[in-house]
Amino acid sequence: METVSLVPLEGLDDLSAQSAAIKKIEQNFSNIDSLASVTNHKLSLIQQKKTIEAQIKNEVHSELEKSKKGLETLYKSYNRINKMDESFSDTVALCSETSNLIGYYQLIKKVNTVRVNLINILKEVDRLLTIPEKAAEIEQLLSDDLNLLEIHSKLRELERLHQKALKQFESNFEELEAIKEMFSSVPELSHRFENKIWNIVSNSIEIAQIKPAVLVKVAQIIEREKLHEQKQKEKKSQNSLISSEGIHDDDYDDDNQINLNNSNKQQQQKPNNNNNNNNENENENENNNNNNNSYYNEDEGYDKNRSSYGDRFLEVLIQSISGKFEPMFLNSHNDLVQTLKDVNKMVEELFIVMDIVQECYPPSYDLFNFYVDQYHTKFYSLFGSFSNLMESSHVNNNYQVVVTKNIPSAHILMLVEWVVKNYSRDLSRLGIQDISPPLLDSLDPLIKIYKMHIKQLMREWCDNIINNDNQNKPEVVDGQYCSLAPIQLFESVASQLDIAAATKCQKLVVGVMEEVVSALIYFQVQSITLLQERNHEIKLENVIAYVNNNSKCYDHTQTIVDKVSNILDSEHMGYLDFDPVLEGFLNVSKVATQAISSVIFRDLDECIHKFYTVEWYQEDLMQPIINTFEDYVTNDIQKYILENYLKRLALLLLDTLIEQLLAQLIGGKNKFNENTYKILSNDCDKLLDFFKKYLRLSVVTAKVQILEDFKQMITSSIDMVPVYFRSVINFHKDINERVVELVLYQRTDISKSEITEVLGQIKTIVETVHTDPANPPSGIFSRMNIYQRGWFS
């Protein structure tokens, strides 16, 4: 709808108002049905209009009344201004008339000035004459610490008078000397008073338990001085600003007077923990303050050379704390037990600070945290210096190992346990959850000493266990050879773990277990060395015991791992790696099994060297070997060794025998004939018959297959040699044409040309299998020295 085409509404000259009205009409009468409510809308609008008109009339009437009152007030003010103007004129006229009525006005003015000055001088003299009396009064008050506030006010008043007098008579030498003589006792009293204040501060903990009210008074005195120092700094700053602007105001000091009552209002209210003493003291302070405000009424008497009370307060506290710790620093290396007792007393003092001392000072001092930080820092330095001293005195320069003659390991454990248990518990009671640096870090050198002690001790035990184990005959436990070695070894491990765990120090437990792991690996290395290099000196039953023992050691290690995991959290547990230990014990059992094999094969060495020689054709050499195996296994081993290791031993015997037979077959100067096939078949059958009793038949068959393949290469036609060679190389990648060459040259039924032709085929097969010359395969044949020309004719 276009509003411009509508007839303007009556009484609305403003276009915006007309547009708004039209839009309103459009909203209310947008369809035919809404026209029925026109009358209602009209009545409503009329009523609204009346209401608005009534409100406007009221507002207009109110503003008119206000304007009328304002005009009346303005009229009255104008009349008063006219009257004041007339009064000023009359006053000027009267002053002019009376100025000539008084004779000698200037002289009278001078006389009056002299009179005022004389009165002031007499007052000052009277005050000076009271100095000895005031000094004596202060001397008497010094005998009671509860008078500190009163002494402070009186003494500072004397100091103010002293400074002012010195300033007034500085140009007159005689009078200046007299003033100095008159005030001679003031500096001494001031010095004694400040010494008393700082002595109380330095002994705050002791005094807090006897007279806490004295500490409250000292805190109020310090706050007074700090406030006064602040005012002096502000005044100095303002004077500097005035001087820089070229303004000279002789009365400036009068505008910067310090009020003692304001100081006390700023003094923070003390808690009610000190009960009646503090309350009575505060009431007394109010009376003293009211009587001694004069000290702060003139700043010019303040001794500007006096050091800051706030800084001096902290210096005295720090010196006091250092003095308490100094004897401990000097004596800790001589009597650690007494030092720990002294340290416990120092910790107990922190509870006194928390409960009493800090309540005597304003909260802004944060005195409790200050003491905690200072004490903790001193504890850290004390233990750190002691630890470093012990470490430096325990290092042997020749071997770089730590010995434990000067400090018992029990003392190290005592220190660590105190830090972890007692100190941590006390910090929690004090409401301190975390503090840096951790006190335990200061004991790192001692923990290092203890670790070296454990290392030396565990190695001595390992050596003794190994020596005793080889000298004594093993016992039969549950049908198996066993010695006391695993029990003794892991009893020592569990003992060291329990001792370390009792301290609740995870860092120490980790350190001890690191040395335990190292010792167990050392035990394994020594055992392996013994089994490999001196197995001929060890009885067979002891070697069998090694197999069983180290298998049990594996189980014991698992138990220790479970126990440690219950002691340490996941973070500290991550520092330890027991896998090398577990693998090491399995490796010792493996080496012990190899040692048993070595013992058996020492008896068979002569017999094996006869294989494929003339004697091999003349007698059955395999049967004595089988009989030897049977005798050892049945009578000496099977009943006394773990079943799974019996199978491993049987497999090792079979592998070793096959390897030695192959070495004899390949490297011997043999001449094969028509009986070779039959004898080789009988040997293979006997091996199968014996070893299938201890191993699966499929395993034995697979192992003996290489002998079957060589049997075929020795006895079959020359054309079939590559076929059997391929059968061997499928399972033994390290075989090559040189092995076949050595075997074929022992055959009498083929010529060299036939051998050369077959070797060409063999070489092709080898090149197909050996695709990476840089990484040749390893196995039975790679261990044979088959490249010496002396092996064949």
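No experiment lies behind these values; they were computed from the predicted model shown.
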Which of parallel (below 30°), tilted (30 to 60°) and perpendicular (above 60°) describes Trp418 and Phe383?
perpendicular
Suppose we call two aromatic rings close when their centres sit under 6.0 Å apart. Are Phe691 and Phe629 close by that rule?
yes
Can you check side-chain contact (heavy atoms from CB on, under 4.5 Å) on Leu707 and Leu662, steps first, answer last?
CA-CA 8 Å; Leu707 292 178; Leu662 287 175; 3.9 Å; yes
Between Arg783 and Glu659, is there a side-chain N and carboxylate O pair less than 4.0 Å apart?
yes
So do Asp577 and Val517 actually touch side chain to side chain, heavy atoms under 4.5 Å?
no
Residues in ring pair (Phe, Tyr, Trp, His ring centres under 6.0 Å) contact with Tyr724, at least two apart in sequence or another chain:
none
Side chains of residues 694-705: which donor-acceptor pairs under 3.5 Å do they make with residues two or more places apart or in other chains?
| residue | atom | partner | partner atom | Å |
| --- | --- | --- | --- | --- |
| Thr701 | OG1 | Leu697 | O | 2.7 |
| Lys703 | NZ | Asp655 | OD1 | 3.3 |
| Gln705 | NE2 | Asp709 | OD1 | 3.0 |

Could you tell me whether the side chains of Thr634 and Glu630 share a donor-acceptor contact shorter than 3.5 Å?
yes
Could you tell me if the side chain of Leu657 sits less than 4.5 Å from the side chain of Leu653, heavy atoms only?
no
Taking C-beta and beyond as the side chain, do Glu754 and Ser751 meet within less than 4.5 Å on heavy atoms?
yes
salt_bridge(Glu417, Lys504) N-O dist < 4.0 Å
no
Would you say that Gln480 contacts Val477 through its side chain, given a criterion of any heavy-atom pair below 4.5 Å between the two side chains?
no
Check: Gln526 side chain, Ile466 main-chain N or O, donor-acceptor pair, under 3.5 Å
no
How are the rings of Tyr450 and His453 set to each other: parallel, tilted or perpendicular (split at 30° and 60°)?
tilted
Asn472 side chain to Asn468 main-chain N or O, any donor-acceptor pair under 3.5 Å?
yes
Flag the pair Lys563 and Asp498 as a salt bridge only when some basic side-chain nitrogen lies within less than 4.0 angstrom of an acidic carboxylate oxygen.
yes
I'd like to know if the side chain of Tyr617 pairs up with that of Thr676 as donor and acceptor (distance under 3.5 Å, no hydrogens or angles considered).
yes
Taking all heavy atoms of Ile447 and all of Lys507, pick out the closest pair and write down the distance.
CD1-CD, 3.7 Å
Residue pairs passing the ring-ring contact (aromatic ring centres under 6.0 Å, His included) test where at least one lies in residues 513-554, sequence neighbours excluded:
none
Looking just at side-chain N and O atoms, do Trp616 and Asn675 make a donor-acceptor pair shorter than 3.5 Å?
no
Restricting to side-chain hydrogen bond (donor to acceptor under 3.5 Å, both in side chains), what partner residues turn up for Arg459, sequence neighbours left out?
none
Are side-chain N/O atoms of Asn548 and Tyr645 paired as donor and acceptor at under 3.5 Å?
no
Please tell me whether Asn587 and Glu583 have a donor and an acceptor in their side chains that are separated by less than 3.5 angstrom.
no
Examine distances only and state if a side-chain atom of Gln506 and a backbone atom of Ile567 form a donor-acceptor pair shorter than 3.5 Å.
yes
Quick one: closest heavy-atom pair of Met513 and Leu576, and the distance?
CB-CD1, 3.7 Å
Non-hydrogen side-chain atoms of Gln496 and Trp461 separated by less than 4.5 Å
yes
Residues that Pro777 engages under side-chain contact (heavy atoms from CB on, under 4.5 Å), provided they are two or more places apart:
Lys733, Asp734, His770
Listed by chain and number, what are the side-chain hydrogen bond (donor to acceptor under 3.5 Å, both in side chains) partners of Glu708, not counting sequence neighbours?
Lys711
